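Report on one structure; see the data block that follows.
These numbers come from a predicted model, not from an experiment.
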Amino acid sequence: MKQHLNTLFVTTEGAYLAKQGQAVAVRVEKKTRLRIPLHNLDGIVCFGRIGVSPSLMSICGEMGVTISMADSNGRFKAAIVGFSPGNVLLRRTQYRLADELEKSCEIARVMVAAKLANCRAVLLRAAREAPETPRQEALEAAAKRLVTNLEAARTCASLDRLRGIEGEGAATYFDAFALMIRTPGDAFRFTHRSRRPPLDPINALLSFLYAMLAHDARSACEAAGLDAAVGFLHRDRPGRPGLALDLMEELRPFLADRLALSLINRRQVSASGFTTSPSGAVLMDDATRKTVITAYQSRKQNSLMHPYLQEKTSVGIMIHLQARLLARRLRGDIDAYPAFIWR
């Protein structure tokens, strides 16, 4: 089983990462500010203008530590991944199934249905916590509308139609997203999902959390012997980790959206931690990024009972368990992929 190791997030512009013995040294203005043994890490994520020495890339490849490069908004740019012994038979099975639209749809509809179910759970949880009856009723109504999309996804036989159902469900969910924000004023006003670039603080926060989750999902796919680039719902596109994005679908509401709402509603992040660039893109400052990263890492340490395995695990390990369950489905060890459903 994959060990629950840490991920190093580097957000300081101009930082340089170098190998120092069997450790990674983080240097800023030629001074070593941090040194972490590599055996404690399963990944390094660099945001913005970060340098990495060739010797560090080499040893990370040997030790299975993935280095992900993202822009300052958290958008994935590249990854440095070492040799993955994987399982050639498993990967060939994955490729064959991905080439069959019917088989792809069978797996993708389970993931989409789980995503919609988890979005519904987020809405219902917020409804229970809502102090006002009208807000509570509006959230419950949105959750009820998602049931229609959920039932349609479970029986859908076409990938194109499944994407349409997922889009309809996402529209319903994000239309109600503003109702789950309990801070007064317009500082965290949310109207719609914007990604490239994020146009308000909430979208900046969501995009950043999704970027960290994408790194973890990609690592989980690789660790399970799967090809993170070949998905079933997300079809092949150069540079796109399709399978990692597939795996993220069921996890985003529970792990990223719920965390974003907690950070805002508990006032752990504030509007002053976001700035708008001349292009209109909204960016987080360094202090806010560190707060978000710390909260995300802490969330991954939380325990939960895995609904399918009925074993207690951590949220961080759960991502790897889902990748391994998907591998078992591809090998034919189980008849259907048991997507994660938050209860």
Restricting to non-hydrogen atoms, name the atom on [X] and the atom on [Y] that form the minimum distance, rounded to 0.1 Å.
{"X": "Leu90", "Y": "Ala327", "value": "CD1-O, 3.7 Å"}
{"X": "Ala204", "Y": "Pro198", "value": "N-CB, 3.4 Å"}
{"X": "Thr155", "Y": "Glu151", "value": "OG1-O, 3.4 Å"}
{"X": "Cys46", "Y": "Val52", "value": "SG-CG2, 4.4 Å"}
{"X": "Ala113", "Y": "Arg154", "value": "CB-CG, 4.0 Å"}
{"X": "Ala256", "Y": "Leu209", "value": "O-CD1, 3.3 Å"}

Pair up each side-chain donor or acceptor in residues 235-246 with any protein partner under 3.5 Å, not counting sequence neighbours, and list the distances.
unit_1: Arg235; atom_1: NH1; unit_2: Ala98; atom_2: O; d: 3.4
unit_1: Arg235; atom_1: NH1; unit_2: Ser104; atom_2: OG; d: 3.2
unit_1: Arg235; atom_1: NH1; unit_2: Phe232; atom_2: O; d: 3.0
unit_1: Arg235; atom_1: NH2; unit_2: Ala98; atom_2: O; d: 2.4
unit_1: Arg240; atom_1: NH2; unit_2: Arg235; atom_2: O; d: 2.7
unit_1: Asp246; atom_1: OD1; unit_2: Leu233; atom_2: N; d: 3.4
unit_1: Asp246; atom_1: OD1; unit_2: His234; atom_2: N; d: 2.9
unit_1: Asp246; atom_1: OD1; unit_2: His234; atom_2: ND1; d: 2.7
unit_1: Asp246; atom_1: OD2; unit_2: Phe232; atom_2: N; d: 2.5
unit_1: Asp246; atom_1: OD2; unit_2: Leu233; atom_2: N; d: 3.1

Might you confirm whether atom [atom1] of [X] has over 12 heavy atoms from other residues, nucleotides or ligands at distances under 6.0 Å?
{"X": "Glu102", "atom1": "CD", "result": "no"}
{"X": "Arg33", "atom1": "CZ", "result": "yes"}
{"X": "Arg331", "atom1": "CZ", "result": "yes"}
{"X": "Asp335", "atom1": "CG", "result": "no"}

What class does the angle between the rings of Phe174 and Phe177 fall in, given that below 30° is parallel, 30 to 60° is tilted and above 60° is perpendicular?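 The rings of Phe174 and Phe177 sit tilted, inter-plane angle from 30° to 60°.
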Minimum side-chain heavy-atom gap [X]-[Y] below 4.5 Å:
{"X": "Lys115", "Y": "Tyr173", "answer": "no"}
{"X": "Glu106", "Y": "Arg329", "answer": "yes"}
{"X": "Leu330", "Y": "Tyr337", "answer": "no"}
{"X": "Leu8", "Y": "Val10", "answer": "yes"}
{"X": "Arg163", "Y": "Asp160", "answer": "yes"}
{"X": "Tyr296", "Y": "Leu213", "answer": "yes"}
{"X": "Leu325", "Y": "His306", "answer": "yes"}

Can you get from [X] to [Y] by hopping between Ile, Leu, Val, Met, Phe, Trp and Tyr side chains that sit under 4.5 Å apart?
{"X": "Ile264", "Y": "Leu199", "answer": "no"}
{"X": "Leu124", "Y": "Leu255", "answer": "no"}
{"X": "Val230", "Y": "Val110", "answer": "no"}
{"X": "Tyr95", "Y": "Leu159", "answer": "no"}
{"X": "Ile341", "Y": "Ile317", "answer": "no"}

Please output the side-chain donor-acceptor pairs of residues 136-150 that fall under 3.5 Å, not counting sequence neighbours, one pair per line with the distance.
unit_1: Gln136; atom_1: NE2; unit_2: Ala127; atom_2: O; d: 3.1
unit_1: Asn149; atom_1: ND2; unit_2: Glu168; atom_2: OE1; d: 3.4

Taking [Y]'s backbone N and O only, do any of them form a donor-acceptor pair with [X]'s side chain (distance below 3.5 Å, no angle check)?
{"X": "Asn203", "Y": "His192", "answer": "yes"}
{"X": "Ser219", "Y": "His215", "answer": "yes"}
{"X": "Arg135", "Y": "Leu179", "answer": "yes"}
{"X": "Asn265", "Y": "Met180", "answer": "yes"}
{"X": "Gln322", "Y": "Pro338", "answer": "yes"}
{"X": "Arg328", "Y": "Ile334", "answer": "no"}
{"X": "Ser262", "Y": "Arg258", "answer": "yes"}

Once ring pair (Phe, Tyr, Trp, His ring centres under 6.0 Å) is applied, do any residues pair with Phe254, and if so which ones, sequence neighbours excluded?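 Per chain and number, Phe254 pairs via ring pair (Phe, Tyr, Trp, His ring centres under 6.0 Å) with Phe340, Trp342.
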Sequence neighbours excluded and cut-off under 3.5 Å, please list the side-chain donor-acceptor pairs for residues 15-28, or say none.
unit_1: Lys19; atom_1: NZ; unit_2: Gly21; atom_2: O; d: 3.1
unit_1: Gln20; atom_1: OE1; unit_2: Arg35; atom_2: NE; d: 2.7

With a 3.5 Å cut-off and no angle check, do the side chains of Ser207 and Arg193 form a donor-acceptor pair?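 Side chains of Ser207 and Arg193: pair found under 3.5 Å.
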When you compare the side chains of Thr288 and Asp285, does any donor N or O come within less than 3.5 Å of an acceptor on the partner?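 Yes, because at least one side-chain N or O of Thr288 sits under 3.5 Å from a partner of the opposite role on Asp285.
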Apart from Met305 itself, what residues make up its hydrophobic cluster when side-chain heavy atoms of I, L, V, M, F, W and Y under 4.5 Å apart count as a link, directly or indirectly?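 Its cluster partners, ordered by chain and number, are none at all.
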Tell me whether [X] is salt-bridged to [Y], with the criterion being a basic N under 4.0 Å from an acidic carboxylate O.
{"X": "Arg289", "Y": "Glu13", "answer": "no"}
{"X": "Glu222", "Y": "Arg91", "answer": "yes"}
{"X": "Asp99", "Y": "Arg96", "answer": "no"}

Any residue meeting side-chain hydrogen bond (donor to acceptor under 3.5 Å, both in side chains) with Arg182, in chain and number order, not counting sequence neighbours: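 Here no residue qualifies.
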side-chain contact (heavy atoms from CB on, under 4.5 Å) between Arg125 and Leu261: does it pass, once the steps are laid out? CA-CA 11 Å; Arg125 178 70 67 95; Leu261 291 166; over 6 Å; no
